[in-house]
Enquirer: 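Below are the structure tokens for one structure; questions will follow.
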2 protein chains.
Amino acid sequence: MEPFGGAPASSAREAVYWRLRERILSLELPPGAALSEKDMSLAFQVSRTPVRESFVRLAQEGLVQVLPQRGTFVSLIDTEHALEARFMREQLERAVVRLACESFPAESLAALDTNLMAQRSSLESRDEKRMFDLDEEFHRTIFAGCRKLNTWNVLQQMKTHLNRTRHLALSPDRDWNHLYDQHRAIADAIRRQDADEAESVMRDHLNLTVTDLHELKRKHPHYFK
Amino acid sequence: MEPFGGAPASSAREAVYWRLRERILSLELPPGAALSEKDMSLAFQVSRTPVRESFVRLAQEGLVQVLPQRGTFVSLIDTEHALEARFMREQLERAVVRLACESFPAESLAALDTNLMAQRSSLESRDEKRMFDLDEEFHRTIFAGCRKLNTWNVLQQMKTHLNRTRHLALSPDRDWNHLYDQHRAIADAIRRQDADEAESVMRDHLNLTVTDLHELKRKHPHYFK
DNA sequence: ACTACCATACTACCATACAAGTATGGCAGC
DNA sequence: GCTGCCATACTTGTATGGTAGTATGGTAGT
């Protein structure tokens, strides 16, 4: 089997789930699009059963909406939900970086330094994709050092709605240099155990990348709830 | 159909899901217990399909663990996960109550007052169950007034692991009088827009009800991971 | 007594058939 | 032309049979 490639699949259900999730988050399947168990089972060359079970998972994450006897649709982007995801992230990142200033394992601090060097490198080579991944990894490392990885994972799941808006954003070319400087400042503050400074920089850092959701909603009204 | 009652069910899948969830959270199905599609379908008088789909949902919530070709088991309580749920709740409640002090609709404030009166009433009648529900409702009202209901719902889901420990706890008879006083103090602080006071009381309030998870783990080692 | 093997009885996974509710297009009647 | 009804082609929901992998207990061989 496995007529399609590139998905981390141990079973047909997992394969379908991850493929659908990827297509939804990338807007390849836009909000409001009709999915159908039959069509998907044909497209993925599996029976309706694993497709249905993927729908159950996606519905629980709020990525699709199942209307009994009517159809299954990619859910519209919930602006309120996305805004609250942003709120939760800011509050929790600020709290965690304060924790990091109280106690942070040396190896995690070293990981931050290694990450920063890699950031500098990809900054020079203008590798935006890599810069983006290193950004995520940087923040994740802080959570890991505070033994708050479950919290990080919850945030990741909350961000799904927000992630879909990224592909809509006018992509105002983030100022990666500034982001890098802030990352350095955060790592330094953790090393100096300066909680106030760390939290302050983190707050500014997170508010630097916000996109105007209401403007996006105005530009793409049919994608939003 | 519907040979069992008391479950909010529009479909067999929903019915099985809620019934199972309830039994897991109440420890009627203890951590580690083996479930099986066949047994559950017999017990609930439905086919294996809705049972399987319930398992998918429960697995995504972390309440059960599906081992392919081996079995499905009620997951052990993850102490780390429960502790982080507590952490997230404290941080977010503190942040939200600060928000409430900046701006809070009059009707929500009235709802808090009404709730407090009901608390006083159930305090005198020693109605612990009702007191517990009013406690939840009080906190939920604060989130609602700040338009952070999604955040509240995320917290509720995070708390599932923590909820299972409540039935294990030696139930040291909460000091409902003290909790009531704190609720009053929080509502007053919101009314006076005193953010520092509100956050401070909220912090103490949340830390009042913590149970020692590590001691529970020592007493019931086979229930924990 | 101990070990390796194998039949058997499980398990979850998947495909398929059937049931039941819903939207839609055409047609009869007005 | 317009309205109401109904056949039909959808949709998801449920039941069931077969497949493949896994744990287990008994047995033959050492």
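Below, chain A is the first sequence line, B the second, and so on; all start at residue 1. The shown structure was predicted, so the numbers you read here are calculated from the model rather than taken from an experiment.
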Enquirer: Could you walk me through whether A:Q91 and B:R94 pass side-chain contact (heavy atoms from CB on, under 4.5 Å), step by step?
Expert: CA-CA 9 Å; A:Q91 301 308 326; B:R94 285 169 63 179; over 6 Å; no

Enquirer: Taking NZ, NE, NH1 and NH2 as the nitrogens, is one of them in A:R21 or A:E14 under 4.0 Å from a carboxylate oxygen of the other?
Expert: no

Enquirer: Is A:R13 near enough to C:dC14 that one of its side-chain N or O atoms lies under 4.0 angstrom from OP1 or OP2?
Expert: no

Enquirer: Between B:S47 and D:dT14, is there a side-chain N or O to OP1/OP2 distance below 4.0 Å?
Expert: no

Enquirer: Using purine N1 to pyrimidine N3 plus N6-O4 or O6-N4 for Watson-Crick, or N1-O2 and O6-N3 for G-U wobble, both under 3.5 Å, which nucleotide pairs with D:dG29?
Expert: C:dC2

Enquirer: Roughly how many Å is it from OH in B:Y17 to P in D:dG13, rounded to a whole number?
Expert: 16 Å

Enquirer: Under 4.0 Å between a Lys/Arg side-chain N and an Asp/Glu carboxylate O for A:E137 and A:R130?
Expert: no

Enquirer: Specify the separation, in whole Å, of atom CE of B:M40 and atom C1' of D:dA15.
Expert: 18 Å

Enquirer: Check every atom of C:dT11, D:dT16, D:dT12 against the side chain of B:D39 and return the nucleotide holding the closest atom.
Expert: C:dT11

Enquirer: Rounded to the Å, how far apart are A:E37 CD and D:dT11 C1'?
Expert: 8 Å

Enquirer: Has the side chain of B:K217 got a donor or acceptor atom that lies under 3.5 Å from a matching backbone atom of B:K225?
Expert: yes

Enquirer: Is any side-chain N or O of B:T72 closer than 4.0 Å to OP1 or OP2 of C:dA12?
Expert: yes

Enquirer: Which whole-number value in Å describes the distance from B:L67 CG to C:dC13 C1'?
Expert: 14 Å

Enquirer: Check the distance between C:dC14's C1' and B:F55's CZ and give it to me in whole angstrom.
Expert: 17 Å

Enquirer: Are OP1 or OP2 of D:dT12 and a side-chain N or O of A:R52 less than 4.0 angstrom apart?
Expert: no

Enquirer: For D:dG1, give its Watson-Crick or G-U wobble partner with both distances under 3.5 Å, or none.
Expert: C:dC30

Enquirer: Kindly point out which of C:dC14, D:dA15, D:dG13 is positioned nearest to the side chain of A:P50?
Expert: C:dC14

Enquirer: Rounded to the nearest angstrom, tell me the gap between atom CZ in B:R48 and atom P in C:dC14.
Expert: 13 Å

Enquirer: Could you tell me the separation between the CD atom of B:E53 and the P atom of D:dA15, rounded to a whole number of Å?
Expert: 11 Å

Enquirer: Going by atom types alone, do B:N115 and B:Q119 pair a side-chain donor with an acceptor below 3.5 Å?
Expert: yes

Enquirer: Output the single nucleotide from C:dA20, D:dG21, C:dC14 whose closest atom is nearest the side chain of B:Q69.
Expert: D:dG21

Enquirer: Of the nucleotides D:dT12, C:dC13, C:dT16, which has the atom closest to the A:T49 side chain?
Expert: C:dT16

Enquirer: Could you state the atom-to-atom distance from NZ of B:K38 to P of C:dA12 in whole Å?
Expert: 11 Å

Enquirer: Give B:S36 one of three labels, base, sugar-phosphate or nothing, depending on what nucleic acid heavy atoms sit under 4.0 Å from its own.
Expert: sugar-phosphate

